[in-house]
Amino acid sequence: MNLRERKRSDEINPDKDAEVTVAGWVQTIRKKGKIAFILLRDKGGIVQITALKNEMGEEEYNRLTKVQRESVIAVRGKVQKSEYVKRGFEILPIEWRLLNEAEAPLPMGVVDKVNIELDTRLDNRFMDLRREEIKAIFEIKAIMLSAIRRTLEKSGFVEVQTPKILKAGAEGGATLFKLDYFGKNAYLAQSPQLFKQILMSTGLERVYEIAPAFRAELSDTTRHLSEFTSLDFEMAFIESQDDVMDMVEEMVDSAVNAAINEGKDRLDMLGIELNRPKRPYPRLTFEEVKRTLEEKDKKVDNDLDTEGEKILGEIMAEKGYYAYFVVEYPEEEKPFYIMEKDGTPWSYSFDLEFKGQELASGGQREHRPEILMERMKKKGLDPKDFEFYIKAFRYGMPPHGGVGLGIERLIQKALNLENVRETTIFPRDRFRLVP
RNA sequence: GCCCCGGUAGUGUAGCGGCCUAUCAUGCGGGCCUGUCGAGCCCGCGACUCGGGUUCAAAUCCCGACCGGGGCGCCA
């Protein structure tokens, strides 16, 4: 028996293949005396190995049917059509090999009919991912990311990588992870903001990055991670922030659409009905939102709180909108790099809300260096600390804007998952550093 | 940073001062069964997070530590 001859279970054609070699994980063994049914799982799904005591001989039969669940075995055998089996065929073993025996008991069941807590699952993620419906989440995530890349590239964006080890944080506010950098203090990047903006002065015109962002926030909620995948893009020569929102909408729509089309079988497996949010995504000004919520007796100050977001989500859902923008937040609430709406307390900023949760935020950036420095001072930052950044604004910086979007939140909301941690293979949060 | 809640076999749970040498399911070990597919049936195995305290008596009450869960704030 040779593993190079192995076929994935979904590649087997019972009309053509008389004999095959398969390999995978022993999911279950149902022994019924002289006949035993072994469900072998590989990337292509489940294939049934039917072992007959009378065919194999007692010794081999016992050896095979006593293998621990989740062990890895390879089987060469005869392909036999069978109406008893869901897939329409089974394999009658001729020879088999134990490639790696699993210990017992398992740290968690793969197909057991008991509930498993998320924490236990994350501690044993390698085993958790053996479950089809868990694997499906990450396959859909990959499909959506791939669609996002395609859409951005089609629109002239260039993928870039910016440093994750920084001397100073991007924006104050969010907490930074401090680290020792050859004896100096350094920080993990919480956003590529400053770097993607610097690139706007280069002529690349449109750049995007899909990379980890680190936030040392003491948040312990179902929507926060200490390390998450941030999708950032920045585009030059925009007329207004509407150009950025158009692009965000196009991108999110293509991702959801890809999940529906290319991930249909997996969505079915998860029992999820995913619909494309109605377009165009409405653009509501913060003022409008504030009025609407106050009509519902919900007080709004300078920002939407979690409750306000949820109520707005419900109001919009009633109208059939799952994705919408809230635009022109109070300038005071937004970081220094956002452009003010002159003569008003507002700013050219926006948040993308998806099913009542903030998914992305962006806007038009302030590209005039004097005003930029003024805004920095207003926010209590010293422009001297950002000389490397401001420099790029003094020698020809076009008007530009961009966005940062949390990939895990997008996946979480699209798939109606309760916890963002479910969308990260090895999540990092306040308490979890292993695995 | 603030506010709630919880830690019982490998896994998920019941019990919340004495009836607990702790329930049920799943799992694991053994037995029966040639068409199963959440197989079934029989027998068995396996646990109170740690450290103090209260009490005649603690899984159960109190304090602390450690580890988790949820919410708020903040954010993507």
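As a basis for the values below, the full set of heavy atoms in this structure was taken, side chains included, without hydrogen atoms, waters or symmetry mates. Just so it is clear: chains get the letters A, B, ... in the order the sequence lines come, proteins before strands, and each one is counted from 1.
For RNA chain B, the neighbouring residues in residues 294-305 of chain A, judged by any heavy atom under 4.0 Å, are A:D303, A:D305. Within residues 351-361 of chain A, the residues having any heavy atom closer than 4.0 Å to RNA chain B are, in order of number, A:E358, A:L359, A:A360, A:S361. Listed by residue number, the members of residues 135-156 of chain A with any heavy atom below 4.0 angstrom from RNA chain B form an empty set.
Here, B:C24 and B:G30 have their C1' atoms 22 Å apart, quoted to the whole Å. Comparing B:A76 with B:A65, their C1' atoms sit 35 Å apart, to the nearest whole Å. Spacing between B:C63 and B:C20 at atom P, rounded to whole Å, works out to 28 Å. The C1' atoms of B:G7 and B:U49 are separated by 7 Å, rounded to the nearest whole Å. Atom P of B:C66 sits at a distance of 24 Å from the matching atom of B:G10, rounded to the whole Å. Between the P atoms of B:G15 and B:U60, the separation comes to 15 Å (whole Å). Nucleotides B:G52 and B:G31 place their P atoms 45 Å apart, quoted to the nearest Å.
In this model, a side-chain donor or acceptor of A:S219 finds a partner on the base of B:C74 within 3.5 Å. Judged by distance alone, with hydrogens and angles left aside, A:R223 brings no side-chain donor or acceptor close enough to the base of B:A76 to form a pair under 3.5 Å.
Looking at A:R41 and A:Q27, their side chains do bring a donor and an acceptor atom within 3.5 Å of each other. If you check the side chains of A:Q241 and A:S349, you find no donor sitting under 3.5 Å from an acceptor. Inspection of the A:S219 and A:T221 side chains reveals no N or O donor paired with an N or O acceptor under 3.5 Å. Between the side chains of A:Y208 and A:E153, at least one donor-acceptor pair of N or O atoms lies under 3.5 Å. A donor-acceptor contact closer than 3.5 angstrom is absent between the side chains of A:E328 and A:T285. Looking at A:Y329 and A:D351, their side chains do bring a donor and an acceptor atom within 3.5 Å of each other. Side-chain contact of A:S9 with A:R87: a donor-acceptor pair under 3.5 Å is present, judged by distance alone.
For the pair A:K196 NZ and B:A76 C1', the computed distance is 11 Å after rounding to whole Å. Rounded to an integer number of Å, the gap from CD of A:Q193 to P of B:A76 is 10 Å. For the pair A:H224 NE2 and B:G69 P, the interatomic distance rounds to 15 Å; values are reported in whole Å. Put simply, CE on A:M108 is 18 Å from C1' on B:A9, counting in whole angstrom units. A straight line from NZ of A:K413 to C1' of B:C75 spans 14 Å, rounded to a whole angstrom. Atom CG in A:L405 sits roughly 13 Å away from atom C1' in B:C75 (whole-Å rounding). Atoms CD1 (A:I38) and P (B:A39) sit 14 Å apart, rounded to a whole Å. Note: CZ (A:R409) to P (B:C74) measures 13 Å, nearest angstrom.
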Could I get a table of every N or O pair under 3.5 Å where one atom is in the protein and the other is in nucleotides 4-8 of chain B?
none

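Both thresholds, 5.5 Å between centres and 30° between ring planes, are not jointly met by A:F431 relative to the base of B:G68, so the two rings are not stacked.
Judged by distance alone, the side chain of A:R125 and the main-chain N or O of A:I425 form a donor-acceptor pair under 3.5 Å. Judged purely by atom type and a 3.5 angstrom limit, A:Q364 has no side-chain atom pairing as donor or acceptor with the backbone of A:P399. Side-chain N or O atoms of A:D253 include none that pairs as donor or acceptor with a backbone N or O of A:V256 at under 3.5 Å. Here the side chain of A:R206 pairs no donor or acceptor atom with the backbone of A:A236 at under 3.5 angstrom. The closest donor-acceptor contact from the side chain of A:D301 to the backbone of A:D303 lies at 3.5 Å or more, if one exists at all.
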Can you give each donor-acceptor pair under 3.5 Å made by side-chain atoms of residues 134-144 of chain A, sequence neighbours left out, with the distance rounded to 0.1 Å?
residue : atom : partner : partner atom : Å
A:E139  : OE1  : A:R266  : NE           : 2.4
A:K141  : NZ   : A:E408  : OE2          : 3.1
A:K141  : NZ   : A:T423  : O            : 2.8

Atom pairs and distances, side-chain donor-acceptor, residues 353-361 of chain A, under 3.5 Å, sequence neighbours left out:
residue : atom : partner : partner atom : Å
A:K355  : NZ   : A:K413  : O            : 3.0
A:K355  : NZ   : A:N416  : OD1          : 2.9

What pairs of donor and acceptor atoms, side-chain ones from residues 96-103 of chain A against any protein atom, are under 3.5 angstrom apart with sequence neighbours left out?
residue : atom : partner : partner atom : Å
A:W96   : NE1  : A:E60   : OE1          : 3.0
A:R97   : NH1  : A:M1    : O            : 3.2
A:E101  : OE2  : A:Q68   : N            : 3.1

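If you check every strand for non-hydrogen atoms under 4.0 Å, A:T120 touches sugar and phosphate atoms only. Residue contacts for A:E309: at a heavy-atom cut-off of 4.0 Å it reaches a base atom on one of the strands shown. Among the protein residues, A:T229 comes within range of no part of the nucleic acid, since none of its heavy atoms lies under 4.0 Å from any strand. Nucleic acid contact for A:G404: sugar-phosphate only, since backbone atoms but no base atoms lie under 4.0 Å from a heavy atom of the residue. Using a 4.0 Å heavy-atom distance criterion, A:N419 is classed as a sugar-phosphate-only contact. Across all strands, A:K334 comes closer than 4.0 Å to no nucleic acid atom at all (heavy-atom distances). Among the heavy atoms of the strands lying under 4.0 Å from A:L225 is at least one base atom, whether or not backbone atoms are also near. Among the atoms of the strands shown, only primed sugar atoms or phosphate atoms (P, OP1, OP2) are found under 4.0 Å from some heavy atom of A:I116.
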If the sugar-phosphate is the primed atoms plus P, OP1 and OP2 and the base is the rest, what is the B/S/- string for nucleotides 23-36 of chain B, using protein heavy atoms under 4.0 Å? --BSSSS---BBBB
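For A:Y324 and A:Y281, the ring centers are positioned 6.0 Å apart or more.
The aromatic rings of A:F286 and A:W346 sit tilted, their planes meeting at an angle between 30° and 60°. Using cut-offs of 30° and 60° on the angle between ring planes, the pair A:F388 and A:F195 is tilted.
Counting only heavy atoms from C-beta on, A:T222 has its side chain closest to B:G70 among B:C74, B:G12, B:G70. Nearest nucleotide to the A:L218 side chain, out of B:A76, B:G1, B:G12: B:G1.
In this structure A:E11 satisfies the salt bridge (charged side-chain N to carboxylate O under 4.0 Å, His left out) test with no other residue, sequence neighbours excluded. With sequence neighbours excluded, the residues satisfying salt bridge (charged side-chain N to carboxylate O under 4.0 Å, His left out) with A:R121 are A:D128. With sequence neighbours excluded, no residue forms a salt bridge (charged side-chain N to carboxylate O under 4.0 Å, His left out) with A:D297.
Two residues are said to be in side-chain contact when any heavy atoms from C-beta on lie closer than 4.5 Å; A:V327 and A:L284 fail this criterion.
Remark: A:K310 is in phosphate contact with B:C72, judged by side-chain N or O atoms under 4.0 Å from OP1 or OP2.
In RNA chain B, consecutive stretches of 3 or more Watson-Crick or G-U wobble pairs with both distances under 3.5 Å are given as paired ranges: B:1-7 with B:66-72, B:10-12 with B:24-26, B:27-32 with B:40-45, B:49-53 with B:61-65.
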